[in-house]
Amino acid sequence: MALKDILLLGDPLLYMKSTSLTKDESDKLPGLVALLHESMMEFRKVYHVGRAIAAPQVGVLKRVIYMHVETPRVFINPLITQVSDEMIELWDDCMCFPNLLVRVKRHQSIVVKYFDLNWEENTVSFQNDLSELFQHEYDHLDGILATQRAIDDKSFRWR
Ligand SMILES: [Zn+2]
């Protein structure tokens with residue numbers, strides 16, 4: 001488990017829609033979370049960025065997001081239930097294309113329902129940087145990359 005596990009732009013798996021994780025698959029969670037954690041930490045060592053990762057980025061087509069901002073958090077089968085009308089514009093990046101920046105628009109705030117590792121349902125709201133971060137990861141679950149969210153054909157920049 002390392003940097004090599006993170007798929008790169010162009011890999012067909014990145015464009016596929018992930019399926020929900022069932023309770024029967026719970027036994028796969030510890031291994032998956034460890035893989036996501038290790039991959040992100042390896043990425044950070046090299047690129048000094050990376051705050052969240054989605055399971056499809058390591059080729060596991062399950063609706064699981066791992067976020068590590070101050071503390072580690074796992075979001076199982078998340079659903080964005082509300083979005084703000086207000087949008088924010090930013091240069092987005094992705095572990096699947098580490099040196100490419102893409103200008104995108106995201107909702108300034110969102111509300112998310114998800115299951116935690118104890119299969120308890122939670123609701124959380126995110127604003128600004130965490131809101132755009134979560135929307136980025138959520139897109140991965142639907143096989144959508146930031147490159148597909150580019151505002152126009154000049155919205156690309158090399159880091
Ligand atoms: Zn990404």
Taking only residues two or more places apart in sequence, or in another chain, which ones meet Trp119 in a side chain to side chain donor-acceptor pair (under 3.5 Å)? Ser26
Sidechain-backbone polar pair: Asn118 side chain, Glu120 backbone, donor-acceptor under 3.5 Å: no
Looking only at heavy atoms, which two atoms of Phe97 and Val102 are closest? And how far apart? CE1-CG2, 4.1 Å
How long is the span from the OH atom in Tyr15 to the CG atom in Asp142, to the nearest 0.5 Å? 14.5 Å
Using distance alone, with no hydrogens and no angle criterion, decide if Ser39 and Glu42 have a side-chain donor and acceptor under 3.5 Å apart. no
Output, in order, the C-alpha distance, side-chain angles, deciding distance and verdict of side-chain contact (heavy atoms from CB on, under 4.5 Å) for Lys62 and Thr22. CA-CA 9 Å; Lys62 287 288 158 189; Thr22 64; 5.7 Å; no
Minimal heavy-atom distance between Tyr138 and Pro78, with the atoms involved, is CE1-O, 3.4 Å
Same cluster (ILVMFWY, side-chain, under 4.5 Å), Val60 and Met16: no
Interatomic distance, Ile110 atom CD1 to Phe126 atom CZ [nearest 0.5 angstrom]: 6.5 Å
Specify the closest pair of heavy atoms between Leu141 and Pro56, including all atoms of both residues, with the distance to one decimal. CD2-CD, 3.8 Å
Roughly how far, to the nearest 0.5 Å, is the CD atom of Gln57 from the CG atom of Leu8? 10.5 Å
Is there a path from Leu35 to Met67 through hydrophobic residues (I, L, V, M, F, W, Y) whose side chains come within less than 4.5 Å of each other? no
Val111-Phe134 co-clustered via ILVMFWY side chain contacts under 4.5 Å: no
Go through it in stages, so that I can follow the logic: the residues are Trp158 and Leu100, the test is side-chain contact (heavy atoms from CB on, under 4.5 Å), and I'd like the CA-CA distance, side-chain angles, deciding distance and then a yes or no. CA-CA 5 Å; Trp158 202 247; Leu100 185 66; 4.2 Å; yes
Within the structure provided, determine whether Val69 and Asp129 are in side-chain contact (heavy-atom separation under 4.5 Å). no
Once you round to the nearest 0.5 Å, how far does CD1 of Ile65 lie from CG of Leu36? 10.0 Å
With no hydrogens and no angle check, is any side-chain donor or acceptor of Asp11 less than 3.5 Å from a backbone partner on Leu13? yes
Answer yes or no: is there an ion pair linking Arg159 with Asp93, defined by an N-O contact shorter than 4.0 Å? yes
Check ion pair Glu132-Arg51 (N to O, under 4.0 angstrom): yes
For the SG atom of Cys96 and the CZ atom of Phe43, what is their distance to the nearest 0.5 Å? 8.5 Å
Give a yes or no on this: more than 12 heavy atoms of other residues, nucleotides or ligands lie within 6.0 Å of atom CD of Glu70. no
Check the hydrophobic clustering (I, L, V, M, F, W, Y; side-chain heavy atoms under 4.5 Å; chains of links allowed) and say if Leu117 and Val58 are grouped together. yes
Applying the side chain to side chain donor-acceptor pair (under 3.5 Å) test to Asp92, which of Arg106, Gln135, Lys105, Arg149 qualifies? Arg106
With a 3.5 Å distance limit and no angle check, can you tell me whether Ser109 reaches the backbone of Ser131 through a side-chain donor-acceptor pair? no
Please test Arg157 against Arg103 for side-chain contact (heavy atoms from CB on, under 4.5 Å), starting from the C-alpha separation and ending with a verdict. CA-CA 8 Å; Arg157 204 173 79 187; Arg103 194 80 180 158; over 6 Å; no
Given the options Ile80, Thr81, Asn122, Lys113 meets side chain to side chain contact (heavy atoms under 4.5 Å, CB included) only with Thr81
Flag if over 12 foreign heavy atoms under 6.0 Å of CG, Asp152: yes
Where do Tyr66 and Pro72 come nearest, in terms of heavy atoms and distance? OH-CB, 3.3 Å
Using 0.5 Å steps for rounding, measure from the CG atom of Leu32 to the CD1 atom of Ile76. 9.0 Å
Hydrophobic cluster identity match, Val83 and Leu79, side-chain contacts under 4.5 Å: yes
Going by heavy atoms in the side chains, are His140 and Glu137 under 4.5 Å from each other? yes
So do the side chains of Phe75 and Val64 get within less than 4.5 Å of each other, counting heavy atoms only? no
Applying side-chain contact (heavy atoms from CB on, under 4.5 Å), can you list everything that pairs with Asn128, at least two apart in sequence or on another chain? Gln108
Val74 side chain reached by Phe115 side chain, heavy atoms, under 4.5 Å: no
